[in-house]
> 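Okay, here's the structure, questions in a sec.
These numbers come from a predicted model, not from an experiment. Every chain is numbered from 1, with letters handed out A, B, ... down the list of sequences.
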Amino acid sequence: MLIASVVTDVIGIDKQFDYLVPPGMDGSLEVGCQVRVDLAGRRVGAWVTGLRRDDLPLGDDRRAPGAPGSPGSPGLRPEPDRSLPPGRSSQAPTGSLKAIAKMKGWGPQAEVVDLAGWASWRWAGRKAHFLAAASPERAVRRLVQPRLCRPAPPSSKLLPRTVGVHVVRIGPASDPTPLVADAAQLGPILVVVPTHTRVSALAFRLRRAGGDVAVLPDGWAQARSGSAVVVGSRGAAWAPCPGMAAVVVVDAHDELYASEAAPTWSAVTVAVERARRQGVPCYLLSACPGAELLALGPSWSPRPDTEASGWANLEVVDQRAEDPRSGLYSGRVVELVRTPRRVACVLNRTGRFRLLACANCGAVARCEVCDAAVSSPQAGVLSCKRCGESRPCVCSYCTSIRLSALRIGTSRAREDLERLSGRTVGEVTRSTGELPCADVLVGTEALLRRLDPAAGFDVVAFLDFDQELLAPRVSAGEHALALVSAASRLVRGRRGTVLVQTRTPDHYVIAAAAAGDPGVAVEAERELRRMLRLPPFAAVAVVSGHAAPGWVENLRSLKLPALEIHGPSTPGEDARPGVRTEWLVKAPEHRTLCDALSLPERPAGRLRIAVDPANL
DNA sequence: CGGACAAGCTGA
DNA sequence: CAGCTTGTCCGG
């Protein structure tokens, strides 16, 4: 009699259950398959996480015979089963088992099911979260013909063939296609790319080179059946790739790889672990690898001679030397937008006015309900982003109606630039639908993601680069450098110009960008992280939510010597009163941290554990 | 998660 | 003590 262990897709039932496999199903059912089962009077979806004959002794025999696996290499933590309280068996008496109600379709490969178990430990999340990420959007009932035709190789070998993580430095304007094609010569490969637009672009080029490419999420069935290249955005780190021979992460420094919602898994970390378990090379491509990436493996450049030329010419405008009345638009910016060149201006603030002060008494305009600084999305109105309150544009202290803009947003910048340039200016933010057709654009960071190098822009100007450089986050410097890298890609390296307006022109990030050498910045970043004891020099988790106080108390009472627990703290002015109290848990490395996080008894209620949150 | 059931509260 | 709310437990 065949018995299947399953994990349900109901978040909140974080347990394994055993079911009988009905006789008609036992030929087709595999570990990873999606099924429906009856549980406590309702029918729920589930994944098969293990299969065994009931006459065999207990144990983990979920792996199909002969399937590739990780024979406990050094440093590998045996996969813990967080779904069960320690010491209690998952077995129910065989006689009382129900049968699986229905077969839904194909699911993740057995090794990805194991990987999901590891991820639930690594990010203190629930298995179902990760299994869902590894599953097709719609049920896949049957597989198709494998298509294993490799793309044509580049003229010379570009990547090292050795197993392990390789941080591959390439210029920001370099096309990753030849490197991906080179990796594909090893066998089927998994490729992760930050945005969907760039996924399509890469897939197009690989197909033109004769390769069979499955594009996630639509191509899940093709990927599961077998494809020479499986490519997709963040979620593709979980995609099926039978016979996987290498993993490639394009622009591995990109913040889009980190999931903001808990569990805060990172596609880069998943890719690295997946390659390690499979015993295949993992190539992390980046123009500006930061301290965390560089800690993952040796870094190296396939074309050191052309790396720097991928960075645009950097023009630094020292705002301290400008007429203060010129505001965000230095003489040089005005000059550039008046030429027929195509210019993209970046200002990372949406709306019209983001911070206003009374021209009469100097008071900053605040919300009368919750006291946060208010903005002015349209003329004559002040509105609060935090509580949604709006009121007319009048100073609450001296009733003056003259308010001056301390910080303007992209809407106002668009009007200003149109006036200064005499040309049509388009605005691009995250919520912009179709890209406006104009030779001068102003927008947030979304502008850099949305535009394609083929759009032919000559200049990218960062109107307030200090906002990026001096942002109150540990990764501010790395993020700022990544922005210059993205801008360099857009203007096609040395063929274009990136201009930054700043009051800190001696900042090491600017020096690194000017030299086209991210290494200049990395040492400073490493020192900062070492000093603050942050990743990669430590592992951290931020704990919050209704059940957090009790849970942290339980964690404290375990008195684990390697663990540091800070808090409770209520961060900054953004905190609504009484909400989002946080605790910070620190350990020397992830293994200690994640082991500790799985120990305390979980009180009822919401508990958010963010391991390695992106916005520290 | 959501149903079952037990324990606690209320009003007559 | 019926009728209701609130809390805890458990599912194969």
> Please pick, from C/dC10, B/dC1, C/dG12, the nucleotide with the shortest atom-to-atom distance to any side-chain atom of A/Ile13.
B/dC1
> I'd like to know if A/Lys15 reaches the base of C/dG11 with its side chain such that a donor and an acceptor end up less than 3.5 angstrom apart.
yes
> Output the rounded distance in Å from CZ (A/Phe17) to C1' (C/dC9).
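So the CZ-C1' distance, A/Phe17 to C/dC9, works out to 12 Å.
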> Any carboxylate oxygen within less than 4.0 angstrom of a Lys/Arg side-chain nitrogen, looking at A/Glu368 and A/Arg391?
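Here A/Glu368 pairs with A/Arg391 in a salt bridge, since their nearest N and O are under 4.0 Å apart.
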> Given C/dC10, B/dC1, C/dG12, identify the nucleotide with an atom nearest to the side chain of A/Tyr19.
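So the side chain of A/Tyr19 is nearest to C/dG12.
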> Tell me: NZ of A/Lys98 to C1' of C/dC10, nearest whole Å?
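These atoms are roughly 12 Å apart.
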> Taking the six-membered ring for Trp, are A/Phe130 and A/Trp238 parallel (under 30°), tilted (30 to 60°) or perpendicular (over 60°)?
tilted
> Can you tell me how far C1' of B/dG3 sits from CZ of A/Arg42, to the nearest Å?
8 Å
> Between A/Glu601 (CD) and C/dT8 (C1'), how many Å, whole number?
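Checked: the CD to C1' distance equals 13 Å.
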> Output the rounded distance in Å from CG (A/Leu97) to P (C/dG11).
12 Å
> Can you measure A/Asp18 atom CG to C/dG11 atom P for me and round it to whole angstrom units?
12 Å
> If I take atom CG in residue A/Leu39 and atom C1' in nucleotide B/dA4, what distance separates them, rounded to the nearest angstrom?
14 Å
> I need the CG-P distance between A/Asp38 and B/dG3, as an integer number of Å.
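Rounded to whole Å, this separation is 14 Å.
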> In plain terms, say whether A/Arg430 and A/Glu445 are close enough for a salt bridge, that is, a side-chain N and a carboxylate O under 4.0 Å apart.
no
> Quick one: do A/Asp254 and A/Arg449 make a salt bridge, cutoff under 4.0 Å?
yes
